[in-house]
Novice: 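Before we start, here is the structure in question, set down as structure tokens.
Labels below follow one simple rule: chain letters A, B, ... track the order of the sequence lines, proteins then strands, and each chain is numbered from 1.
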There are 2 protein chains.
Amino acid sequence: MVTIKDVAKEAGVSVATVSRVLNENGYVGADTRKKVMKAMANLHYSPNEVARSLYKRESRLIGLLLPDITNPFFPQLARGVEDEVNKEGYRLLLGNSDEDVQKELDYIQTFVQNNVVGMVSATNTVDHELYNALQLPLVLLDRTTEDYPSVYSDGREGGRLAAKTILEKGARHITLMKGPAHVKPAQDRYKGAMEMLSEAEVDFSVFSTYSYSFEDATSWAKELFTKYPDTDAVIASNDIVGIAVLHEALKRGKRIPEDVQIIGYDDIPQCSLSYPALSTIRQPAYEMGRQAAQLLIKLIRKENDVDKTIQLPVQLVERSTTRKE
Amino acid sequence: MVTIKDVAKEAGVSVATVSRVLNENGYVGADTRKKVMKAMANLHYSPNEVARSLYKRESRLIGLLLPDITNPFFPQLARGVEDEVNKEGYRLLLGNSDEDVQKELDYIQTFVQNNVVGMVSATNTVDHELYNALQLPLVLLDRTTEDYPSVYSDGREGGRLAAKTILEKGARHITLMKGPAHVKPAQDRYKGAMEMLSEAEVDFSVFSTYSYSFEDATSWAKELFTKYPDTDAVIASNDIVGIAVLHEALKRGKRIPEDVQIIGYDDIPQCSLSYPALSTIRQPAYEMGRQAAQLLIKLIRKENDVDKTIQLPVQLVERSTTRKE
DNA sequence: TTGAAAGCGCTACCAA
DNA sequence: TTGGTAGCGCTTTCAA
């Protein structure tokens, strides 16, 4: 490993001088700079971030905590924060919590042990005591809360929009799927849809689900049609479940969207790959990730007048599982 | 921040002693140990990994380099390595390279700057000069090569299996999709299928694709049926493309699997969510990730007699896009 | 069985 | 404009 000392020797100057040209601060003569630069190039010198981090008490690392990258909504989110964070020279320490508080704790500990400068968390279990104790800039992603800076999309509006769409397209027997209780954004959209449905004059049923896993999605779908066989429209709790419902309907010989309309939520990439392509409410996941990163970086830099709550708009994407009016 | 010094003071011992109980090495008296433990608990002490890393010249971090986590095959892989690595107390520094050599370089630099103990790379652009210069334990994932430790699945066999399956089920006009040229595993499976097809007495066409993106998949599918309208079986380059082909076929009024059979590759989770559910060749992605992590850790520990090339078996998953014989 | 102290690579203060 | 050096928090020798 080539250190700052080696560079100093090669250039015939002191380590202090090398440090100065490295960090572009303090006075350093033009030709001294040149000598040092040359020495650095010769030796392929690259500063040791660990040593820097130790002294400055902060690294160029940012912690990203996710529930599970395996869930298709999160890779987009993650990519958004990564790309944005990279722009500013930061890198990501990644953790999947599986909604397990212990794992979350462990990761947070790792983050501080490694001097991360900030963290973004897309976890559902915001342990307030824990996060309050945290001395780090933190932004919550895909979560709405008063207590911490956060970026999220308008779940209530999304739910309303989903319901409104289904309503306008003449559904008579709507089944509203309620996502897992501990997933806050799922509850928001549920409430939004609920509001809209309650105001309208239609029959509807509520079908509760307790997970978002691929494996379970198919079972929920089966159960739904068994329980509510005359359903002619379902507002799914997310796209995965929506696609499962779609295929279950197809299996049962229903025509889509003539007999059953379906609207999903999220707009994960594979929506357009379902057949018929799933209509859905789009959350701008990649953009959410980017904005979360931007916000975090502003917080890290202690900028003034930063808006600590960013709500991104949600959008109807009409594809082929809703009627064309 | 509470440091080892604070603990030492609280316990009335020296920092050296605290360090000893922390690392469970060297002699330390039973009651001294107890005092120290208590002090650590009182102060909620958690050692600074950065300081440790600086002294030992290695962190508890492992670098993971991926092409793009947004591609549904990779989250599984990533999760596999994360889970395994966590078991041994390591954490992940994550990077997406987008198959861009410069980004890859930058990430690798970050990895060494942060004293990672090893890295796993699932990138296609193995720049040998670069990797050779690297002084780190490295394992290649989803890549077959003689030059570095690697874990991958048997692509050639997978290709053969896909072709064999299609052949046995009575296809007459097969279209074999060839994946992007720079993606080595895609070429392996292509070659395998090609071998099998060449030996058989059937007509077949080769259709070349240059990307794996969601957006492009649909275009490939359209183009395929325009170019080869009498195709009655397609061996897709991966599941995404397979699903796109499936839906394009459906759009064109073909019955699946009666008129057209389709076989994918990878077995990403959303396969079972397509309709009809996509038959495919399964790569054990999660397991591949785990094994890569295990191998890397063995390498890090300089264990002897470790098998540096791990080939995992591939497996036919018959669902509904291939005939039942 | 314990403590003092050097040193990991770097930054930043103070002096020259 | 430069260099010497203390010190970031930890581990590990060496001595006691």
Side-chain angles (χ1 to χ4, degrees), chain A residues 1-40 43-61 89 109-117 135, chain B residues 1-40 43-61 89 109-117 135:
Chain A
M1 177 191 252
V2 21
T3 74
I4 200 173
K5 232 171 165 174
D6 302 316
V7 177
K9 192 183 291 175
E10 170 91 3
V13 299
S14 76
V15 293
T17 302
V18 177
S19 178
R20 274 183 215 108
V21 345
L22 213 50
N23 297 286
E24 297 178 344
N25 59 17
Y27 294 95
V28 32
D31 39 346
T32 315
R33 150 166 286 109
K34 218 170 284 172
K35 273 193 307 188
V36 172
M37 300 283 256
K38 200 164 154 195
M40 295 202 295
L43 302 175
H44 301 294
Y45 173 69
S46 144
N48 181 324
E49 280 299 330
V50 175
R52 277 187 162 168
S53 170
L54 179 58
Y55 185 88
K56 312 240 276 188
R57 292 145 149 207
E58 64 174 49
S59 67
R60 303 287 290 168
L61 264 24
Q109 189 182 26
T110 298
F111 291 166
V112 320
Q113 286 181 314
N114 284 281
N115 286 174
V116 302
V117 273
Q135 287 305 309
Chain B
M1 177 191 250
V2 22
T3 73
I4 201 173
K5 233 172 166 174
D6 302 316
V7 178
K9 193 183 292 175
E10 169 92 2
V13 299
S14 75
V15 295
T17 302
V18 178
S19 177
R20 276 185 211 107
V21 346
L22 213 50
N23 297 286
E24 297 176 343
N25 58 18
Y27 294 96
V28 35
D31 37 350
T32 317
R33 149 169 285 107
K34 220 171 283 172
K35 275 194 303 185
V36 172
M37 299 284 255
K38 202 165 153 195
M40 294 201 296
L43 302 176
H44 301 293
Y45 172 70
S46 145
N48 181 323
E49 279 299 330
V50 176
R52 277 188 162 168
S53 170
L54 179 59
Y55 185 88
K56 312 241 278 191
R57 286 140 154 218
E58 64 175 49
S59 67
R60 303 286 287 168
L61 265 22
Q109 190 183 24
T110 297
F111 292 166
V112 319
Q113 285 181 313
N114 283 281
N115 287 173
V116 303
V117 272
Q135 287 305 310

Novice: Rounded to the nearest Å, what distance is computed from the CZ atom of residue Arg20(B) to the P atom of nucleotide dT11(D)?
Specialist: 11 Å

Novice: Return no unless some side-chain N or O of Asn23(B) is found under 4.0 Å from OP1 or OP2 of dT11(D).
Specialist: yes

Novice: Just so I know, are the side chains of Val2(B) and His44(B) near enough to count as touching, which here means a heavy-atom distance under 4.5 Å?
Specialist: no

Novice: If we only count heavy atoms from C-beta on, is the Arg57(B) to Met1(A) side-chain gap below 4.5 Å?
Specialist: no

Novice: What distance do Lys56(A) atom NZ and Asn23(A) atom CG have between them, rounded to the nearest 0.5 Å?
Specialist: 6.0 Å

Novice: Describe the nucleic acid contact of Ser19(B) in one word from base, sugar-phosphate, nothing, applying a heavy-atom distance below 4.0 Å.
Specialist: base

Novice: Assign each of Gly26(B) and Asn48(A) to its nearest nucleotide of DNA chain C by heavy atoms, then name whichever residue's nucleotide is nearer the 5' end.
Specialist: Gly26(B)

Novice: With a 4.0 Å cutoff (strictly under), does any side-chain N or O of Arg57(A) reach OP1 or OP2 of dC8(D)?
Specialist: no

Novice: Given atom CZ of Arg60(B) and atom P of dC10(D), what is their separation to the nearest angstrom?
Specialist: 16 Å

Novice: How many angstroms lie between atom NZ of Lys38(B) and atom NZ of Lys34(B), to the nearest 0.5 angstrom?
Specialist: 10.5 Å

Novice: Looking at Ser14(A), does any N or O in its side chain come under 4.0 Å of the phosphate oxygens OP1/OP2 on dG3(D)?
Specialist: yes

Novice: Whole angstrom is fine here: how far is it from CD1 in Ile4(B) over to C1' in dG7(D)?
Specialist: 16 Å

Novice: Taking the side chain of Ala16(B) as heavy atoms from C-beta outward, which of dC10(D), dT12(D), dG9(D) is closest to it?
Specialist: dT12(D)

Novice: Rounded to the nearest angstrom, tell me the gap between atom NZ in Lys9(A) and atom P in dG3(D).
Specialist: 15 Å

Novice: Let me know, please, whether Leu54(B) or Thr17(B) comes out on the 5' side of the other along DNA chain D by nearest nucleotide.
Specialist: Leu54(B)

Novice: Quick one: are Asn25(A) and Arg20(A) in side-chain contact, heavy atoms under 4.5 Å?
Specialist: yes

Novice: Would you kindly give the CG-to-P distance between Asn25(B) and dT11(D), to the nearest whole Å?
Specialist: 9 Å

Novice: Just to verify, what does Val15(A) make a side chain to side chain contact (heavy atoms under 4.5 Å, CB included) with, not counting sequence neighbours?
Specialist: Ile4(A), Lys5(A), Ala8(A)

Novice: Within this structure, what is the CD-to-P distance between Glu49(A) and dC8(D), rounded to whole angstrom?
Specialist: 20 Å

Novice: So, Ser59(B) side chain and Ser53(B) main chain: donor-acceptor pair closer than 3.5 Å or not?
Specialist: no

Novice: Give the first and the last nucleotide of DNA chain C, reading 5' to 3', that has any atom under 4.0 Å from a heavy atom of chain A.
Specialist: dG9(C) to dC13(C)

Novice: Base, sugar-phosphate or nothing for Val50(A)? Non-hydrogen atoms, less than 4.0 Å.
Specialist: nothing

Novice: Once you round it to whole Å, what is the distance between C1' of dG9(D) and NZ of Lys56(B)?
Specialist: 14 Å

Novice: Just the rounded figure in Å: distance from P of dC8(D) to CE of Met1(B).
Specialist: 12 Å

